Enquirer: 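Quick one: the structure is below, questions incoming.
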Amino acid sequence: QVRLVESGGGLVQAGGSLRLSCVVTGGTLSSMGWFRQAPGKEREFVAAIRWSAVNTYYADSVKGRFTISRDIAKNTMYLQMNSLKREDTAVYYCATAYAWPLGVSTIHYWGQGTQVTVSS
């Protein structure tokens, strides 16, 4: 019943910015966040937020560059990505779970993903 739909991915030059969105329908769990998976690599954590609180945390690789936020009225979560690097290229997935902090093994629902490609 819970559905997560990501959008906002695309092609951007290194140093540029993108904002990803995740619209949630069918209800939300306590914790939400973003993961990413590059070709040939495991899915990795990016950022997380408590849906009805202000708690956030980030992977070390994106601290200072990415910002996670949510708009409860719009039932939407965002990931603002600045100063993008080539290594940020991946499929980005919206996710939700009960656990805090988030981990790949504790995710209950995944979105289908949106491709982010960072070029030189």
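All values derive from a computational prediction rather than experimental measurement.
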Enquirer: Are Y109 and V24 co-members of a hydrophobic cluster defined by side-chain heavy atoms under 4.5 Å apart?
Expert: yes

Enquirer: What distance separates R70 CZ from C22 SG, expressed to the nearest 0.5 Å?
Expert: 13.5 Å

Enquirer: Using atom types as modelled and distance alone, determine if a side-chain donor or acceptor of T89 lies under 3.5 Å from a backbone N or O of V118.
Expert: yes

Enquirer: Do the side chains of W51 and I72 get nearer than 4.5 Å, heavy atoms only?
Expert: yes

Enquirer: For residues A90 and A38, report the shortest heavy-atom separation together with the two atoms involved.
Expert: CB-N, 3.8 Å

Enquirer: Please find the pair of heavy atoms, one from L20 and one from T114, that lie closest to each other, and give the distance.
Expert: CD2-CG2, 4.0 Å

Enquirer: Quick check: do S120 and Q13 have side-chain heavy atoms less than 4.5 Å from each other?
Expert: no

Enquirer: Report the residues that fulfil salt bridge (charged side-chain N to carboxylate O under 4.0 Å, His left out) with K41, sequence neighbours left out, ordered by chain and then residue number.
Expert: none

Enquirer: Ring of Y93, cation from R36 - is the NZ or CZ under 6.0 Å from the centre and inside 45° of the axis?
Expert: no

Enquirer: Any luck finding a side-chain donor-acceptor pair between D71 and T76 under 3.5 Å?
Expert: no

Enquirer: V12, V62: one ILVMFWY side-chain cluster at the under-4.5 Å cut-off?
Expert: yes

Enquirer: Is there side-chain contact between I68 and M77, with heavy atoms separated by less than 4.5 Å?
Expert: yes

Enquirer: Does the side-chain contact (heavy atoms from CB on, under 4.5 Å) test come out yes or no for Q80 and S17, once each step is laid out?
Expert: CA-CA 7 Å; Q80 178 66 46; S17 299; 4.0 Å; yes

Enquirer: For a quick test of reading the model, state the closest non-hydrogen atom pair linking G8 to L18 and the distance between them.
Expert: O-CD2, 3.9 Å

Enquirer: Can you tell me if Y78 and R19 form a side-chain donor-acceptor pair at under 3.5 Å?
Expert: no

Enquirer: Which hydrophobic side chains are connected to V5, either touching it within the sub-4.5 Å cutoff or through other members that do?
Expert: none

Enquirer: Taking everything shown except Q115 itself, do over 12 heavy atoms lie less than 6.0 Å from its CD?
Expert: yes

Enquirer: Would you say L11 and S119 make side-chain contact, with heavy atoms under 4.5 Å?
Expert: yes

Enquirer: I'd like to know if the side chain of E6 reaches the main chain of Q112, judged simply by a donor and an acceptor atom lying under 3.5 Å from each other, with no hydrogens or angles considered.
Expert: yes

Enquirer: Can you list the steps and then say if W34 with Y58 is a ring-ring contact (aromatic ring centres under 6.0 Å, His included)?
Expert: CA-CA 9 Å; W34 295 92; Y58 299 88; over 10 Å; no

Enquirer: Out of the candidates T96, I49, I107, only one should pair with L102 under the side chain to side chain contact (heavy atoms under 4.5 Å, CB included) rule; please name it.
Expert: I107

Enquirer: Quick one: are M32 and L4 in side-chain contact, heavy atoms under 4.5 Å?
Expert: yes

Enquirer: For the rings on F35 and F45, is their centre-to-centre separation under 6.0 Å?
Expert: yes

Enquirer: Strictly below 4.0 Å, N to O, side chains only: are K85 and D88 in salt-bridge contact?
Expert: no

Enquirer: Which pair of non-hydrogen atoms, one from R50 and one from S31, has the smallest distance, and what is that distance?
Expert: NH1-OG, 3.5 Å

Enquirer: If I compare all heavy atoms of F66 with all of V46, which pair ends up nearest, and what's the gap?
Expert: CD2-CG1, 3.7 Å

Enquirer: Between E42 and V104, is there a side-chain heavy-atom distance shorter than 4.5 Å?
Expert: no

Enquirer: Quick one, R43 and W110 - any side-chain contact, counting heavy atoms below 4.5 Å?
Expert: yes

Enquirer: On a heavy-atom basis, which atom in L29 and which in A97 lie closest, and how many Å separate them?
Expert: CB-O, 3.3 Å

